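Right, one structure below, let's go through it.
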Amino acid sequence: MGNYSAVVLDFETTGLSPDSGDRVIEIGAVLIRDNRIEDRFQSLMNPGRPVSGFIEEYTGISNSMLATAPPIATVMEKFVHFMAGHHLVAHNAGFDRRFLDAELQRISQRRRQDFACSLLVARRVYPDAPGHSLAALVRHKRLPTSGVHHRALADAEMTAHLWLGMIAELKSAFHLRQVPFALLQQLARVPKKAAPVFLQRHAAAQHGEAGTTAAPAV
DNA sequence: TGCCAGGCCCTCTTTAGGGCCTT
């Protein structure tokens, strides 16, 4: 990766939509820098009301566990400091971004960092994977895993390994010296079919083979 | 009462529909 740090995060929630009143019940996050995990953040959060049986089953997080968890606001205040100054990454980032922004708004805070989506990048880096869910990619690429799924920190760690793996893959396949965060953000927005040409052009520019020796404007 | 997410991506597409992905 380039000379940047990123916080890879994952929320467990009461449902799919903060606009429908859903709240977060667990956050897991890892700070990655220089191709390794440097720090971790994890906490359950009490949403103030019972979660459904489906969520208890899906996450393994029970209402009794949440009853003794700290309030959401208390945890989010701490997470604001953890994520400060770092790019943000999540798998299907639109989901986590909506919940993060909704919870930050409740404590009168605002997100200032860019978000990047490992799902959108994976669809372009691994177009032939049998699926692009986090679990499918972990299996397909044999990424490090504790075997735990649908818990925030475990999912954040697997997403971090996926992210670092994709950076390594791009470096290797396109002989890139650096894979800046902005390049991955751009890649996620490029039409999927155009991704190979986009990456080849970027690699050529980075090697000064495109009539310029300047670094690509990413 | 009944509603009940949002966005990407493909295709039997663009005056649309449905699968995938997140909980």
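Below, chains carry the letters A, B, ... as their sequence lines are ordered, and counting in each starts from 1. Computed over heavy atoms, backbone and side chain alike; hydrogens, waters and symmetry mates excluded. Note that the structure is predicted; figures quoted are calculated from it, not measured.
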Out of [options], which nucleotide sits closest to the side chain of [X]?
{"X": "A/Ser17", "options": "B/dT23, B/dC10, B/dA5", "value": "B/dA5"}
{"X": "A/Arg123", "options": "B/dT23, B/dC20, B/dG6", "value": "B/dC20"}
{"X": "A/His91", "options": "B/dT23, B/dA5, B/dC21", "value": "B/dC21"}

Next on the checklist: Please confirm whether the shortest side-chain N or O distance from A/His132 to OP1 or OP2 of B/dC20 is below 4.0 Å.
Outcome noted: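 No, no such contact exists.
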Quiz item: Is A/Arg124 near enough to B/dC9 that one of its side-chain N or O atoms lies under 4.0 angstrom from OP1 or OP2?
Solution: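 Yes, within the criterion.
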What residues from residues 111-122 of chain A pass a heavy-atom cutoff of under 4.0 Å to DNA chain B?
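Heavy-atom cutoff 4.0 Å gives A/Leu119, A/Leu120.
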- prompt: What is the nucleic acid contact for A/Leu134, judged by heavy atoms within less than 4.0 Å: base, sugar-phosphate only, or nothing?
  reply: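 Sugar-phosphate, backbone atoms only, no base.
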**Message:** Over all strands shown, is A/Phe99 touching base, sugar-phosphate only, or nothing at heavy-atom distances under 4.0 angstrom?
**Reply:**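 Contact class for A/Phe99: none.
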Please round to the nearest 0.5 Å and tell me the distance separating atom [atom1] of [X] and atom [atom2] of [Y].
{"X": "A/Ser118", "Y": "A/Leu164", "atom1": "OG", "atom2": "CG", "result": "11.0 Å"}
{"X": "A/Leu134", "Y": "A/Leu119", "atom1": "CG", "atom2": "CG", "result": "9.5 Å"}
{"X": "A/Ile25", "Y": "A/Glu56", "atom1": "CD1", "atom2": "CD", "result": "9.0 Å"}
{"X": "A/Arg123", "Y": "A/His132", "atom1": "CZ", "atom2": "NE2", "result": "7.0 Å"}

Whole angstroms only, please: what is the [atom1]-[atom2] distance between [X] and [N]?
{"X": "A/Glu12", "N": "B/dC21", "atom1": "CD", "atom2": "C1'", "answer": "14 Å"}
{"X": "A/Asn92", "N": "B/dT22", "atom1": "CG", "atom2": "C1'", "answer": "4 Å"}
{"X": "A/Tyr126", "N": "B/dC21", "atom1": "OH", "atom2": "C1'", "answer": "18 Å"}
{"X": "A/Asp22", "N": "B/dG6", "atom1": "CG", "atom2": "P", "answer": "11 Å"}
{"X": "A/Arg98", "N": "B/dC8", "atom1": "CZ", "atom2": "C1'", "answer": "12 Å"}
{"X": "A/Asp101", "N": "B/dT22", "atom1": "CG", "atom2": "C1'", "answer": "15 Å"}
{"X": "A/Asp96", "N": "B/dG6", "atom1": "CG", "atom2": "P", "answer": "16 Å"}
{"X": "A/Leu16", "N": "B/dT22", "atom1": "CG", "atom2": "P", "answer": "11 Å"}

_Test log, rule side-chain contact (heavy atoms from CB on, under 4.5 Å), inputs A/His91 and A/Asp10_ = CA-CA 8 Å; A/His91 200 67; A/Asp10 183 74; 6.0 Å; no
How about CD on A/Glu77, more than 12 heavy atoms from neighbouring residues, nucleotides or ligands closer than 6.0 Å, or not?
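Yes, the 6.0 Å shell around CD holds more than 12 heavy atoms from other groups.
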Next item on the list: Would you sort out whether A/Glu103 and A/Gln109 count as a side chain to side chain donor-acceptor pair (under 3.5 Å), showing the intermediate values?
Entry: CA-CA 9 Å; A/Glu103 297 297 350; A/Gln109 300 264 11; over 6 Å; no
Work out how far the [atom1] atom of [N] is from that of [M], and round it to whole angstrom.
{"N": "B/dC4", "M": "B/dG18", "atom1": "P", "answer": "15 Å"}
{"N": "B/dT1", "M": "B/dC8", "atom1": "P", "answer": "37 Å"}
{"N": "B/dT14", "M": "B/dT22", "atom1": "P", "answer": "29 Å"}
{"N": "B/dT15", "M": "B/dG19", "atom1": "P", "answer": "22 Å"}
{"N": "B/dC20", "M": "B/dC3", "atom1": "P", "answer": "25 Å"}
{"N": "B/dG7", "M": "B/dG2", "atom1": "C1'", "answer": "25 Å"}

message: Reading DNA chain B from 5' onward, which residue's closest nucleotide shows up sooner: A/Val190 or A/Thr13?
response: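 Comparing both residues, the 5'-ward one is A/Val190.
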- Using heavy atoms to find the nearest nucleotide of DNA chain B for A/Ala136 and A/Pro191 separately, return the residue whose nucleotide is more 5′.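 The residue closer to the strand's 5' end, by nearest nucleotide, is A/Pro191.
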**Message:** Tell me the closest heavy-atom pair linking A/Leu120 and A/Arg124, and the distance in Å.
**Reply:**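 Looking at all heavy atoms of both residues, the shortest contact is O-NH1, 2.8 Å.
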